[in-house]
Amino acid sequence: GIVRQLWPLRMDRFEVIPRKSGTIDYYEYGERGAPTVKLKPGDVIHWKLYNPFNDYRGLSPIFVLWLEGLLDSDTELYMSEFFRNGGIPAAVLTVQGSLTDASKTQIRNDYREKYGRRSGEMGKTGYGELAILSNGATLMPLGIDPSKLDMGAIFATTESRTCAVLGVPVVVAGFQTAIANSQPYGSWREARRSFVVETLSPLWRRLGLAFNAFAAEEFGPGYSVHYDTRRVLALQAIEAEARGDALRAFDLNGITRDE
């Protein structure tokens with residue numbers, strides 16, 4: 001029948017059922033544990049990215065960035081826990097003699113109350129208070145002092161690697177590290193143009209090929225699907241430059257009118 005609508009479906013709810021020959025027999029779609037719907041291959045536009053580990057399921061760029069995501073998340077968590085603890089680094093308090101569990105809890109609570117966040121109101125925290133220990137007690141910090149960590153470099157690494165995998169210039173993404181090191185105007189304009197030409201245009205072409213392969217004939221013979229990019233400013237500028245170069249070459253007798 002004639003195609004009336006196209007619905008984007010979640011790939012994590014798809015199961016590809018192949019034949020012994022390797023071709024796709026059918027698809028099963030539905031939530032885990034719920035009844036599934038069987039779909040014919042002719043009713044599905046299966047567009048996927050290259051995956052060296054699976055012939056039937058694409059590999060998302062986000063999966064490639066798994067470790068970078070964990071690094072960024074753990075850094076945020078570390079800083080969050082540091083400030084949640086009142087900006088006090090982890091430490092070991094050593095006292096003379098043995099302590100019961102109740103005494104240890106009491107000392108820990110007293111330390112947090114005197115030198116920690118307290119209510120969090122301005123002027124009512126224990127930040128910066130002078131610690132006085134008695135009975136031969138000593139305080140030894142553990143871990144790394146956050147002031148000695150270059151958090152900016154960590155975030156810059158995850159940001160730059162994320163942009164590299166997704167094909168998005170860091171300036172276009174608006175990351176602060178890129179903005180601080182970029183030129184005022186020229187690099188922004190060139191970055192946007194690069195994003196359209198090197199990332200979006202190939203993506204549009206691949207999607208167009210998928211629609212042509214799986215859906216165009218459903219509308220009738222001779223139909224084709226393509227993206228209308230006439231209003232894309234970055235491509236308009238490139239076409240204008242190409243026309244200008246051609247006119248200059250023609251004026252210099254470098255090319256003929258037919259060329």
Side-chain angles (χ1 to χ4, degrees), residues 8-16 18 27-34 36 46-93 108 111-112 115-118 120 125 127 139-182 187-188 190-192 194-204 206-207 210:
L9 301 177
R10 289 178 48 169
M11 194 59 201
D12 61 323
R13 296 181 180 177
F14 260 106
E15 286 295 334
V16 182
Y27 297 91
E28 287 185 348
Y29 183 78
E31 297 185 30
R32 292 183 178 180
T36 59
H46 188 177
W47 184 82
K48 62 186 181 68
L49 298 177
Y50 174 69
N51 185 350
F53 309 108
N54 194 307
D55 293 331
Y56 304 103
R57 304 183 72 91
L59 182 64
S60 169
I62 301 300
F63 183 83
V64 179
L65 294 168
W66 177 265
L67 290 179
E68 281 69 22
L70 290 178
L71 173 62
D72 194 273
S73 176
D74 287 343
T75 304
E76 292 278 5
L77 180 61
Y78 176 84
M79 293 304 298
S80 175
E81 290 299 323
F82 175 77
F83 287 108
R84 189 187 301 276
N85 192 39
I88 302 174
V92 173
L93 180 64
R108 186 182 297 111
Y111 182 78
R112 288 175 176 171
Y115 311 113
R117 188 174 184 272
R118 296 179 186 170
T125 69
Y127 301 165
L139 185 67
M140 181 178 67
L142 292 178
I144 300 175
D145 185 350
S147 64
K148 298 179 180 179
L149 290 176
D150 190 353
M151 296 294 184
I154 296 176
F155 292 128
T157 299
T158 56
E159 290 172 357
S160 60
R161 290 180 178 175
T162 300
C163 287
V165 171
L166 297 179
V168 181
V170 287
V171 174
V172 175
F175 287 136
Q176 206 59 37
T177 53
I179 295 175
N181 297 319
S182 63
S187 63
W188 282 72
E190 294 302 321
R192 291 192 184 97
S194 172
F195 178 51
V196 172
V197 173
E198 299 177 16
T199 301
L200 292 182
S201 291
L203 175 62
W204 294 332
R206 291 198 301 269
L207 286 173

**Study point:** Set of side chain to side chain donor-acceptor pair (under 3.5 Å) partners for N54, sequence neighbours left out
**Key:**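 So N54 forms no side chain to side chain donor-acceptor pair (under 3.5 Å) with any residue.
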Point to revise | Contacts of E15 that satisfy side chain to side chain donor-acceptor pair (under 3.5 Å) - sequence neighbours left out | key: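 Checked E15 against side chain to side chain donor-acceptor pair (under 3.5 Å); zero matches.
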Got a second to check how far [X]'s [atom1] is from [Y]'s [atom2], nearest 0.5 Å?
X    : Y    : atom1 : atom2 : answer
R13  : R32  : CZ    : CZ    : 11.0 Å
L166 : I62  : CG    : CD1   : 5.0 Å
W47  : M11  : CH2   : CE    : 12.0 Å
D72  : L67  : CG    : CG    : 12.5 Å
L71  : T158 : CG    : OG1   : 6.0 Å
Y27  : L9   : OH    : CG    : 11.0 Å

Review point. Sequence neighbours excluded, which residues qualify as ring pair (Phe, Tyr, Trp, His ring centres under 6.0 Å) partners of Y56?
Key: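 Partners of Y56 by the ring pair (Phe, Tyr, Trp, His ring centres under 6.0 Å) criterion come out as none, since no residue qualifies.
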**Study point:** ring pair (Phe, Tyr, Trp, His ring centres under 6.0 Å) against F195, all qualifying residues, sequence neighbours excluded
**Key:**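 Partners of F195 under the ring pair (Phe, Tyr, Trp, His ring centres under 6.0 Å) test: none.
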Practice item. Only pairs at least two apart or in different chains count here, so list each side-chain hydrogen bond (donor to acceptor under 3.5 Å, both in side chains) that has a residue in residues 59-68. Key: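 Pairs touching residues 59-68 that pass the test: E68-R161.
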Quick one: does [X]'s side chain have a donor or acceptor within less than 3.5 Å of a partner on [Y]'s backbone?
X    : Y    : result
R57  : V16  : no
T199 : V196 : no
S73  : G69  : no

**Study point:** Parallel, tilted or perpendicular, as decided by the 30° and 60° cut-offs, for the rings of Y29 and F14
**Key:**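 Plane angle between 30° and 60°, so tilted.
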Practice item. Identify the heavy atoms of V197 and P202 that sit nearest to each other, and give their distance. Key: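 Here V197 and P202 meet closest at O-CD, 3.3 Å.
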Practice item. Could you pull out the closest heavy-atom pair between Y50 and L59, with the gap in Å? Key: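 Heavy atoms only, the tightest pair is O-CB, 3.5 Å.
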Point to revise | Results of side chain to side chain contact (heavy atoms under 4.5 Å, CB included) for A173 - residues two or more places apart only | key: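 Residues passing side chain to side chain contact (heavy atoms under 4.5 Å, CB included) with A173: C163, V168, F175.
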Check your understanding: What's the verdict on side chain to side chain contact (heavy atoms under 4.5 Å, CB included) for L49 and R206, showing C-alpha distance, side-chain angles and the deciding distance?
Key -> CA-CA 10 Å; L49 298 177; R206 291 198 301 269; 4.2 Å; yes
